[in-house]
There are 2 protein chains.
Amino acid sequence: MATGRNHRPATSRSRGIPEATVARLPLYLRALTALSERSVPTVSSEELASAAGVNSAKLRKDFSYLGSYGTRGVGYDVEYLVYQISRELGLTQDWPVVIVGIGNLGAALANYGGFASRGFRVAALIDADPQLAGKPVAGIPVQHTDELEKIVAENGVSIGVIATPAGAAQQVCDRLVAAGITSILNFAPTVLSVPEGVDVRKVDLSIELQILAFHEQRKAGEEPATAPAEVDTAPPAAPPAVAVTKRPPESGPDGDLPAVMPA
Amino acid sequence: MATGRNHRPATSRSRGIPEATVARLPLYLRALTALSERSVPTVSSEELASAAGVNSAKLRKDFSYLGSYGTRGVGYDVEYLVYQISRELGLTQDWPVVIVGIGNLGAALANYGGFASRGFRVAALIDADPQLAGKPVAGIPVQHTDELEKIVAENGVSIGVIATPAGAAQQVCDRLVAAGITSILNFAPTVLSVPEGVDVRKVDLSIELQILAFHEQRKAGEEPATAPAEVDTAPPAAPPAVAVTKRPPESGPDGDLPAVMPA
DNA sequence: CGATGTGAATTACTTCACAGCC
DNA sequence: GGCTGTGAAGTAATTCACATCG
């Protein structure tokens, strides 16, 4: 999972609920909603935990931070729990969202079904390309970046999604923040710097793959499983030696870095 | 960020490097590569940490798990560190990857620049829609799901990306695993169950937004900032009361759940 | 002197195990 | 009897602070 935070020192959980617990609430909510749709009235911590992919002790501990919503000897009332978690997550409100950067990814996000439900509403799509302006994506007309501030203000938007190329991300971020946005979901492969009080979460495909590669590499040593093709890589001439000696720009063992998003 | 794991009990770090550290290595690598491109020869823990968005103590501790690659009084040799981290992450190998589910999102992923670099190579695009078969996306012809096993075997693929609708994800996952894949990056909003030894990481847009909403809700109480539109939500009639009493299916405070991906 | 590398202290998170209540 | 709720124990991650060395 790729994520990022930005809070008061990390301690001082926003009202006693640990970050790790908050991150799991949406998981529980999804599992509960599925049960709700099947009209299942109650569920035990064991069952729900299994559906959410965690262990039951963790789930019970998580719920204990919200309050005592279960019934001993029985389990949890599905509908009631759905409501309590929704409320805790702030999903009983309407959250207008703007997506900036309507390339491949931005379009995918705009079309994402999970967006519409659960209180999130795509209030506007924004792109710097004048060619796109006016064209509808997922039924919503794309607007030009010039309108950004106006759009945010008029719709009372407080959550922004950045799906631009890496190069444009910080600039877009600054404008979003200046316009009043206080939560950002960033898909561009860059570290965004934001003022105190603004939350940033990051989703980074490349990072996730690299983490998988790390573990995959370990496995290779153990089992003679599907072995990836070896590739020649000149071990770089440099031990942590003389240091300040600037080596010629024939560049290290790697070629380029990505950094550019689909846009 | 949305992520997921699947390992030996969580303890037993794969050779001494903590999970949390592994998750940050790609961040360092990106920052270092940017420095490398600007031909910066050395960097201090302070500078690099700032570029990667972490604090310097954490960065030094992280690097200490890899070895002593710095020079006291000076800092780290950029090129050398790029190589060491790349090697540690397994990026000096070639990793063929298949993407299953070429909808909006799958296409965005196929076009993602960050894929091609850093050792990841899109070996194939796979979709269940016969209409798509043969059509090129990002220059790569889409192949039909029937070919899945053959493609994985012939290309020695060990990493699979699932970008299908939620309903198809588990089934696709099972086939990938049966075909020999041992690492999965899952974009579908479902909990995948996999056998021991298979790694799953999850990227879930909806979850990230919900976490943002949680924190956003907190802020609203403090500063009179951009307030989201209140929406009427009938507080559910049920206290954690009688429990087993199945309430009428007039459903809870929420309408539907998403669960369906762009496809 | 200046910046790394790292034990020790702190804080966060998870898991255990069982008392308490329906 | 069965399952929740939670202190206590255990484990992981972060931060501190300083000895160490180029």
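Closest heavy-atom contact between A/Q210 and B/P26: OE1-CB, 3.2 Å.
Residue A/Y76 is classed as a sugar-phosphate contact, given heavy-atom separations below 4.0 Å to backbone atoms only.
Checked against the 6.0 Å centroid threshold, A/Y80 and A/Y69 count as a close aromatic pair.
Side-chain nitrogen and oxygen atoms of A/Y69 include none within less than 4.0 Å of the OP1 or OP2 phosphate oxygen of D/dC3. For B/R24 and D/dT14, the shortest distance from a side-chain N or O to OP1 or OP2 is below 4.0 Å. Between B/S45 and the phosphate of C/dT4, there is a side-chain N or O to OP1/OP2 separation shorter than 4.0 Å. The shortest distance between the side-chain N/O atoms of B/Y65 and the OP1/OP2 oxygens of D/dA12 is not below 4.0 Å. For C/dG5, neither phosphate oxygen OP1 nor OP2 lies less than 4.0 angstrom from any side-chain nitrogen or oxygen of B/K61. Considering only side-chain N and O atoms, A/N55 lies nowhere under 4.0 angstrom from the phosphate OP1 or OP2 of C/dT14.
Rounded to whole Å, atom C1' of D/dT6 lies 17 Å from atom NZ of A/K58. Look at CD on B/E19: it is 13 Å from P on C/dT14, rounded to the nearest Å. Nucleotide D/dG5 holds its C1' atom 15 Å from the CG atom of A/L48, rounded to whole Å. We find that CG of B/D77 is positioned 15 Å from C1' of C/dT4, with the value rounded to whole Å. The CD-P distance, from B/E46 to C/dC1, rounds to 19 Å in whole Å.
When the nucleotides C/dC13, D/dC3, C/dG2 are ranked by their closest atom to the side chain of A/R72, D/dC3 comes out on top. Of the candidate nucleotides D/dG7, D/dA17, D/dT15, D/dA17 has the atom nearest to the side chain of B/R60. The B/S68 side chain lies nearest to C/dT6 when the options are C/dT14, C/dT6, D/dT6.
The side-chain heavy atoms of B/F63 and B/L48, taken from C-beta on, include a pair separated by under 4.5 Å. Two residues are said to be in side-chain contact when any heavy atoms from C-beta on lie closer than 4.5 Å; B/L185 and A/L205 meet this criterion.
Along DNA chain C, the nucleotide closest to A/D62 and the one closest to A/G73 are compared, and the more 5′ of them pairs with A/D62.
Side-chain N or O atoms of A/Q170 include one that pairs as donor or acceptor with a backbone N or O of A/S193 at under 3.5 Å.
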